[in-house]
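To start, the structure under review is shown below, and the notes come after it.
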There are 2 protein chains.
Amino acid sequence: MSVKTSTCPSGNEKVILFGLLMDTNARLAKGLNEELEKACRLPLAWFDALLQLRKAESGRLKMNELANAIVHSTGGTTRLIDRLYEAGFVAREQCPTDRRAIYVTITAAGNAKLDDALTTHLEFLQDTMADRLSGVERETLSTLLAKLNAH
Amino acid sequence: MSVKTSTCPSGNEKVILFGLLMDTNARLAKGLNEELEKACRLPLAWFDALLQLRKAESGRLKMNELANAIVHSTGGTTRLIDRLYEAGFVAREQCPTDRRAIYVTITAAGNAKLDDALTTHLEFLQDTMADRLSGVERETLSTLLAKLNAH
DNA sequence: CTATGTTAGTTGCTAATACAACTATTTACA
DNA sequence: TGTAAATAGTTGTATTAGCAACTAACATAG
């Protein structure tokens, strides 16, 4: 029994699209993670956290903002930042206006590591993306993903 | 310092596209996982494994084929199938031509559970996808993801 | 001002996954 | 045929992440 002939004929196209999104992401993430580990000894989760910190307008994020940006639980983010702190890539700052809150900032070492990792990242994307999608196609894909990702 | 003005100006558009893909996937997967847990008590990983088994032409997959289909390690797949077996959703069959290999098949209970989950899944996709992307846009997105996912 | 509720972050616990080492089997080839 | 290499799957171990309970701080209503 194939999916096509199963109980939900009408929405099948969406199931397939969603499956394709998950699969594409999983394979690319796996490939990038391997590359980053090999070339930079940097787990993808660390890369993502550092990238989100750099992307932040103010150059820093509160724990819960970071957790949301990397789509982790707050507990998981606490531990992740513990590890990044151990490695010297981030620092914690008290928030002057709210003593519950903590700002996470990227350190010079963190920035250097991120630059390094971005080089690897770009090589990887060049290899996996450049010859598969044209510039126009990449732009279209971006637009569609952004629409789909609207919160 | 924003990403735009940092060390890799030329490939930035790709970094952003990739980030968008990861982020979109993470948020949708998280949402779907919550829905499936709530409505069916079925983890997304179980759903994915059952769906891959149903999608298989022969109605069954060897362990390593399944591992590849769900993008897991073989070790992780062994444990996942252990759990699905405990729950009665899959069975293991010896391969008659290769005594090392094991076929994983979906049981009647597994099929019933998957049908149930697909209903939830479709409702979720209807909510998150239908009003954000048109039919044509979904088709375009599928095409582009398939190109990007070429192995 | 105090009490109640909400928010930010951490910690204990558990579950899930990857990696590497291992066994069993098959394949290649000399 | 006999041995080495490759392949399929499992298991020990460590890492990682989520959830729920917890503490501390802030906000709001009385």
Side-chain angles (χ1 to χ4, degrees), chain A residues 22 25-27 29-38 41-49 52 60-87 89-105, chain B residues 22 25-27 29-38 41-50 52-53 60-87 89-105:
Chain A
M22 307 261 284
N25 174 74
R27 285 178 207 284
K30 187 188 182 78
L32 176 58
N33 192 38
E34 279 166 10
E35 287 298 308
L36 285 174
E37 284 283 12
K38 187 156 60 80
R41 294 233 171 255
L42 189 74
L44 181 54
W46 294 28
F47 173 76
D48 192 25
Q52 297 302 327
R60 62 188 187 182
L61 289 171
K62 290 182 184 171
M63 288 297 296
N64 65 61
E65 294 171 330
L66 180 59
N68 179 61
I70 63 179
V71 197
H72 275 220
S73 66
T74 60
T77 305
T78 293
R79 262 68 177 257
L80 178 59
I81 292 305
D82 286 346
R83 291 188 293 268
L84 282 162
Y85 173 76
E86 288 292 319
F89 294 150
V90 300
R92 284 170 154 107
E93 285 177 13
Q94 278 292 335
C95 171
T97 62
D98 184 344
R99 282 185 302 168
R100 292 169 303 179
I102 304 240
Y103 281 116
V104 184
T105 61
Chain B
M22 307 261 285
N25 174 75
R27 285 177 208 285
K30 188 189 182 80
L32 175 59
N33 193 38
E34 280 165 10
E35 287 298 308
L36 285 175
E37 285 282 14
K38 185 156 62 79
R41 294 232 172 256
L42 189 74
L44 181 54
W46 294 29
F47 172 76
D48 192 24
L50 293 177
Q52 297 303 325
L53 288 172
R60 61 187 189 183
L61 289 172
K62 291 182 184 172
M63 288 297 296
N64 66 62
E65 295 171 329
L66 180 59
N68 179 62
I70 64 179
V71 196
H72 275 220
S73 66
T74 60
T77 305
T78 293
R79 263 70 179 255
L80 178 60
I81 292 304
D82 286 346
R83 277 172 256 140
L84 282 162
Y85 173 76
E86 287 293 318
F89 295 150
V90 302
R92 282 183 229 243
E93 286 177 13
Q94 278 293 334
C95 172
T97 62
D98 185 343
R99 283 186 301 172
R100 293 168 303 179
I102 303 233
Y103 281 116
V104 184
T105 62

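Chain letters run A, B, ... following the sequence lines, proteins first and then strands; every chain starts at 1.
- Between the P atom of D:dA8 and the CE atom of B:Met63 lies a distance of 12 Å, rounded to the nearest Å.
- Residue B:Arg79 places none of its side-chain N or O atoms closer than 4.0 Å to OP1 or OP2 of D:dT10.
- Atom CD1 of B:Ile102 is separated from atom CD of B:Glu93 by 10.0 Å, given to the nearest 0.5 angstrom.
- Within the 4.0 Å cut-off from OP1 or OP2 of D:dG9, at least one side-chain nitrogen or oxygen of B:Asn64 is found.
- By the neighbour-count criterion of 12 heavy atoms within 6.0 Å, atom CZ of B:Arg92 is densely surrounded, having more than that number from other residues, nucleotides or ligands.
- Heavy-atom distances under 4.0 Å link DNA chain D to B:Thr74, B:Gly75, B:Thr78 of residues 66-78 of chain B, given in residue order.
- Note that the CG atom of A:Asn68 and the CD atom of A:Gln52 stand 9.5 Å from one another [nearest 0.5 Å].
- To the nearest 0.5 Å, atom CZ of residue B:Phe89 and atom CG of residue B:Leu53 are 12.5 Å apart.
- The CH2 atom of A:Trp46 sits 10.0 Å away from atom CD1 of A:Ile81, with the distance rounded to the nearest 0.5 Å.
- Between A:Arg83 and the phosphate of D:dA17, there is a side-chain N or O to OP1/OP2 separation shorter than 4.0 Å.
- The structure places CG of A:Asp48 at 11.0 Å from CG of A:Asn33, a figure rounded to the nearest 0.5 Å.
- A:Arg100 has its CZ atom 15 Å from the C1' atom of D:dC22, to the nearest Å.
- Taking atom CH2 of residue A:Trp46 and atom P of nucleotide D:dT16, one finds them 7 Å apart after rounding to whole Å.
- Checking A:Leu66, A:Val104, A:Leu80 one by one against A:Val90, the side chain to side chain contact (heavy atoms under 4.5 Å, CB included) holds for a single residue, A:Val104.
- When the P atom of D:dA8 is taken as reference, atom CG of B:Leu61 falls 14 Å away, rounded to whole Å.
- Summarising the geometry, atom OG1 belonging to B:Thr74 is positioned 7.5 Å from atom CE belonging to B:Met63; distances are rounded to the nearest 0.5 Å.
- As rounded to whole Å, 16 Å separates atom C1' of D:dT16 from atom NZ of A:Lys30.
- Between A:Glu34 and A:Asp82, the residue whose closest nucleotide on DNA chain C is further toward the 5' end is A:Asp82.
- Bracketed by its first and final contacts, the part of DNA chain C lying under 4.0 Å from non-hydrogen atoms of chain B reaches from C:dA16 to C:dT26 in 5' to 3' order.
- Counting heavy atoms from C-beta on, the side chains of B:Lys38 and B:Glu35 come closer than 4.5 Å.
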